[in-house]
Chemist: 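Input: one structure, supplied below.
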Amino acid sequence: MTKMRIHLYKLIALFALCLAAPLQTSAQIDIWQDVPGHKKVWLTPYTLPGSGHMAVIVCPGGSYYWHGMTAEGEETALWLRSHGIAAFVLRYRTAYVPAFLFRYRYILRGNRYPDPQDDLRQAMAYLRSHADSLGIDSHKIGAIGFSAGGHLVMSAVELFPRSEWPCFVAPIYAVITMHPPYAHKRSRRGLLGESQMNNQVMRDSLSLERHVPKDCPPVFIANCKDDPTVDWHNSVLLDSALTSKGIAHEYHQYLTGGHGFGASDRRGTAECRQWKQAFISWLHNLFPDKVKLHPETQYGREDR
């Protein structure tokens, strides 16, 4: 069996797992329902009783081709909700597997930039306009994303108008740059499409380490040095850019854990799973009246 065929089978299996990921379909919200010409894009809500809760939009990864909806979606949302945070998992537009296999976007547009960014922007607007009915605080809406989803949430504060920014962003083992030697080529192709993936202007505009705004909201970064998918230097580039601008942020780098562990209690390693306690502690320090600490969340900061 050739390496190419093995690679293809792995991609098909990954796609099947993404489709089979558990979703709360009865609660899904079509955020573009009142906008003609847009395909359905879903937010799956994990809300709480009462009102005034902090909200977090969760953007799973998947190289801008698919979605890792379990560890980076549902499990993340349930974990956030356990800390008193309303979570909303965004199934934003991606290129999807057929575009990966057949490269038809040389001819047809398909899904590409800025579709995912438009979906996140619309999701932010939807939550703000429906805050009362969802029991959330319209001024306390953050965003967390994994891998390509991390690129998506960080791009929100670089590409959206300031009035539409999340109140914080958390890019976890995120794609950051579109330039070699650290670019994740599959995510770059997934976002830009075949006809634009070598466009230097597009690469520059979407290399997030180059465009951090001087008044960027707080940022939380975490990744692992043994990440086999997205080069760990991506997070270093973002950390350096934030530091040079004096932006409030926290960077947790772990030696082991790999990629794709999300908020799972099983994936990755015990070391990398510490990012969850670190994140909740960081968020509690920013918004102490919005985030519940569990006893195990009294986390030391020695690895900053």
Chemist: Taking the side chain as every heavy atom from C-beta outward, state whether Q117 and F160 have any pair of such atoms under 4.5 Å apart.
Modeler: yes
Chemist: Which atom names give the shortest non-hydrogen contact between G258 and P228, and what distance separates them?
Modeler: CA-CD, 3.9 Å
Chemist: Determine the minimum heavy-atom distance between D204 and R210, stating which atoms define it.
Modeler: OD1-NH1, 3.1 Å
Chemist: Describe, in one word, how the ring planes of F220 and W275 are oriented to each other, choosing from parallel (under 30°), tilted (30 to 60°) and perpendicular (over 60°).
Modeler: tilted
Chemist: Please state whether the rings of F287 and F168 are parallel, tilted or perpendicular, taking 30° and 60° as the class boundaries.
Modeler: tilted
Chemist: Tell me if a side-chain donor or acceptor on D231 pairs with a main-chain N or O of A183 at a distance below 3.5 Å.
Modeler: no
Chemist: Determine whether I136 and L127 satisfy the following criterion, side chain to side chain contact (heavy atoms under 4.5 Å, CB included), listing intermediate values before the conclusion.
Modeler: CA-CA 8 Å; I136 62 176; L127 293 186; 4.0 Å; yes
Chemist: Counting only heavy atoms not in K185 (residues, nucleotides, ligands), do more than 12 fall under 6.0 Å from its NZ?
Modeler: no
Chemist: Please report the shortest heavy-atom distance between H139 and C167, naming the atom on each side.
Modeler: O-CB, 4.1 Å
Chemist: Keeping the roles fixed (side chain from E271, backbone from T256), state whether a donor-acceptor pair exists under 3.5 Å.
Modeler: yes
Chemist: Would a 4.5 Å heavy-atom cut-off, applied to side chains only, mark L43 and Q28 as touching?
Modeler: no
Chemist: Any side-chain heavy-atom pair from K290 and L283 closer than 4.5 angstrom?
Modeler: no
Chemist: Side chain of S244, backbone of A241: donor and acceptor closer than 3.5 Å?
Modeler: yes
Chemist: Please determine whether a side-chain nitrogen of the Lys or Arg among R267 and E75 lies less than 4.0 Å from a carboxylate oxygen of the Asp or Glu.
Modeler: no
Chemist: Go through the steps to decide whether L191 and M202 satisfy the test side chain to side chain contact (heavy atoms under 4.5 Å, CB included), and finish with yes or no.
Modeler: CA-CA 10 Å; L191 180 61; M202 295 291 287; over 6 Å; no
Chemist: Tell me, do H151 and L206 make a side-chain contact under 4.5 Å, heavy atoms counted?
Modeler: yes
Chemist: With distance as the sole test, does H179 use its side chain to make a donor-acceptor pair with the main-chain N or O of T177 at under 3.5 Å?
Modeler: no
Chemist: Given side chain to side chain contact (heavy atoms under 4.5 Å, CB included), test F100 with S63 step by step and report yes or no.
Modeler: CA-CA 10 Å; F100 178 84; S63 305; over 6 Å; no
Chemist: Flag yes if more than 12 heavy atoms outside D289 fall under 6.0 Å of its CG atom; otherwise flag no.
Modeler: yes
Chemist: Tell me, do H184 and N234 make a side-chain contact under 4.5 Å, heavy atoms counted?
Modeler: no
Chemist: Do you know which two heavy atoms are closest between C216 and L242, and how far apart they sit?
Modeler: SG-CD2, 4.3 Å
Chemist: What do you reckon, is CD1 of I107 surrounded by more than 12 foreign heavy atoms closer than 6.0 Å?
Modeler: no
Chemist: Can you name the closest pair of heavy atoms from A87 and V58 and give their distance?
Modeler: CB-CG2, 4.3 Å
Chemist: If we check side-chain contact (heavy atoms from CB on, under 4.5 Å) with F88, which of these qualifies: L80, L134, I31, I141?
Modeler: L134
Chemist: Quick check: is L255 connected to Y173 through a chain of hydrophobic side chains (ILVMFWY, heavy atoms under 4.5 Å apart)?
Modeler: no
Chemist: With no hydrogens and no angle check, is any side-chain donor or acceptor of T94 less than 3.5 Å from a backbone partner on Y65?
Modeler: yes
Chemist: I'd like to know if the side chain of D137 and the backbone of A55 have a donor-acceptor N/O pair within less than 3.5 Å.
Modeler: no
Chemist: Could you tell me whether the side chain of L90 reaches within less than 4.5 Å of the side chain of Q122, counting heavy atoms only?
Modeler: no
Chemist: How long is the span from the CH2 atom in W32 to the OH atom in Y126, to the nearest 0.5 Å?
Modeler: 13.5 Å
Chemist: To the nearest 0.5 angstrom, please state how far the NE2 atom of H53 sits from the NZ atom of K140.
Modeler: 14.5 Å
Chemist: Same cluster for W42 and V153 if Ile/Leu/Val/Met/Phe/Trp/Tyr side chains link at under 4.5 Å?
Modeler: no
Chemist: Could you pull out the closest heavy-atom pair between R273 and R266, with the gap in Å?
Modeler: NH1-O, 3.3 Å
Chemist: Can any side-chain N or O of K276 pair as donor or acceptor with the backbone N or O of A263 at less than 3.5 Å?
Modeler: yes
Chemist: Quick check for you: to the nearest 0.5 Å, what is the distance between D132 atom CG and S51 atom OG?
Modeler: 8.0 Å
Chemist: Out of curiosity, does I85 fall in the hydrophobic cluster containing L78 (side-chain heavy atoms, cut-off under 4.5 Å, transitive links)?
Modeler: yes
Chemist: Angle class for the Y254/H252 ring planes (parallel below 30°, perpendicular above 60°, tilted otherwise)?
Modeler: parallel
Chemist: Hydrophobic cluster membership, with links at side-chain heavy-atom distances under 4.5 Å among I/L/V/M/F/W/Y: are L208 and V201 in one?
Modeler: no
Chemist: Where the side chain of R112 meets the backbone of A95, is there a donor-acceptor pair that is under 3.5 Å apart?
Modeler: no
Chemist: Once you round to the nearest 0.5 Å, how far does OH of Y92 lie from SG of C59?
Modeler: 6.5 Å
Chemist: Using modelled atom types and a 3.5 Å cut-off, is there a donor and acceptor pairing between side-chain atoms of S207 and backbone atoms of I176?
Modeler: no
Chemist: Say you draw a straight line from OG1 of T44 to CZ of R91; how long is it, rounded to the nearest 0.5 Å?
Modeler: 8.5 Å
Chemist: Check the orientation of H233 and Y182. Use parallel for under 30°, tilted for 30 to 60°, and perpendicular for over 60°.
Modeler: parallel
Chemist: Say whether, by atom type as modelled, one donor and one acceptor occur between the side chain of K292 and the main chain of H284 under 3.5 angstrom.
Modeler: no
Chemist: Side chain to side chain contact (heavy atoms under 4.5 Å, CB included) between R93 and D118: does it pass, once the steps are laid out?
Modeler: CA-CA 9 Å; R93 280 172 287 177; D118 286 347; 4.0 Å; yes
Chemist: With no hydrogens and no angle check, just 3.5 Å: does a side-chain donor-acceptor pair link Y64 and N111?
Modeler: no
Chemist: Report yes if the side chains of H259 and S147 come closer than 4.5 Å at any heavy-atom pair, otherwise no.
Modeler: yes
Chemist: Linking I/L/V/M/F/W/Y whenever any side-chain heavy atoms sit under 4.5 Å apart, do V169 and V236 land together?
Modeler: yes
Chemist: Does any part of the side chain of R81, heavy atoms only, come nearer than 4.5 Å to the side chain of T47, both counted from C-beta?
Modeler: no
Chemist: Could you give the distance from CD (E74) to CE (M69), rounded to the nearest 0.5 Å?
Modeler: 9.0 Å
